[in-house]
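I have placed the structure first, in the form of structure tokens, so that the comments after it can refer back to it.
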Amino acid sequence: AQTVTQSQPEMSVQEAETVTLSCTYDTSESDYYLFWYKQPPSRQMILVIRQEAYKQQNATENRFSVNFQKAAKSFSLKISDSQLGDAAMYFCAFTMNRDDKIIFGKGTRLHILP
Amino acid sequence: NAGVTQTPKFRILKIGQSMTLQCTQDMNHNYMYWYRQDPGMGLKLIYYSVGAGITDKGEVPNGYNVSRSTTEDFPLRLELAAPSQTSVYFCASSRYQASAKGEQYFGPGTRLTVT
């Protein structure tokens, strides 16, 4: 069975600094997709970034980028120039090719310190 | 375009009562999902549907039922509520299969307390 592990329940970062959230996953599949979702206090889930496993290049979306290490089954999220609006729960998620379902990790709560 | 809407936002149930959580999407998405989120935990899939008339169990289906008679609606039924069903429930939808595009659009959630 596939699993997603986020080992950091909470993290804090100073505003304007850079922070990295960790995620590891376990699968025997080679064709899959990884995501980071953000859940602000409003509870609405928002897709932050997506990575296809077959792509070697790390995905980036403005201040958000990932470090995808396929052999190590690691998928960390880097947030640059942290802003107060980045404060939220961040969920790492996984799905296999041709699957209908996404598996979510337990989440990391990120605090931004002014 | 309202996206995914859920009602009610909050509900308190007594043990043994039943209720239906409503979910509607106006994006003409084929795929719809129900998740529960317990405190300090990630989302766990309860049921999902790949189209009208088709539903399937997720990771934690016991104590719940669903139906999908239309593309827009995907209600979640709780029969004989138990304290273990106290949670926040999220409905989500997506146009494509999870692996094809991945982006699921979530509703605002329903906070359910069973006492």
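Note on naming: letters A, B, ... go to the chains in the order of the sequence lines (proteins, then strands), and numbering restarts at 1 for each one.
- Contacts of B:Y35 with chain A are made by side-chain atoms alone, with heavy-atom separations under 4.5 Å and no backbone atom involved.
- Environment of CG in A:L113: crowded, with over 12 heavy atoms of neighbouring residues, nucleotides or ligands closer than 6.0 Å.
- For A:E52, no part lies near chain B; criterion is any non-hydrogen pair under 4.5 Å.
- Criterion: ILVMFWY side-chain heavy atoms under 4.5 Å apart, direct or through other members. Under it, B:V66 and B:V60 are part of a common hydrophobic cluster.
- B:L43 has its side chain within reach of A:M45: a pair of non-hydrogen atoms, C-beta onward, lies under 4.5 Å apart.
- With a 6.0 Å radius and a threshold of 12 heavy atoms from other residues, nucleotides or ligands, A:K106 has its NZ atom at or below the threshold.
- Put simply, OH on B:Y33 and CD1 on A:I102 are 6.5 Å apart, with the number rounded to the nearest 0.5 Å.
- Under a cut-off of 6.0 angstrom, the local environment of CD in A:Q56 is sparse, with at most 12 non-hydrogen atoms contributed by other residues, nucleotides or ligands.
- Contact annotation for B:V4: neither backbone nor side-chain heavy atoms come within less than 4.5 Å of a heavy atom of chain A.
- Across A:Y37 and B:Q104, no two heavy atoms sit closer than the pair OH-N, 3.0 Å.
- Annotation for B:M41 and A:F91: closest pair O-CE2, 4.0 Å, computed over non-hydrogen atoms.
- Residues B:I15 and B:L78 are members of one and the same hydrophobic cluster, defined by side-chain heavy-atom contacts under 4.5 angstrom among Ile, Leu, Val, Met, Phe, Trp and Tyr.
- Cluster annotation: B:Y31 is connected to A:F104 through the hydrophobic network of ILVMFWY side chains, with a link wherever side-chain heavy atoms come within less than 4.5 Å.
- Using a 4.5 Å cut-off between heavy atoms, B:Q37 contacts chain A through its side chain alone, with no backbone atom that close.
- With a 4.5 angstrom heavy-atom cutoff, B:L45 touches chain A only via side-chain atoms.
- Other residues, nucleotides and ligands contribute only 12 or fewer heavy atoms inside 6.0 Å of the NZ atom of B:K44.
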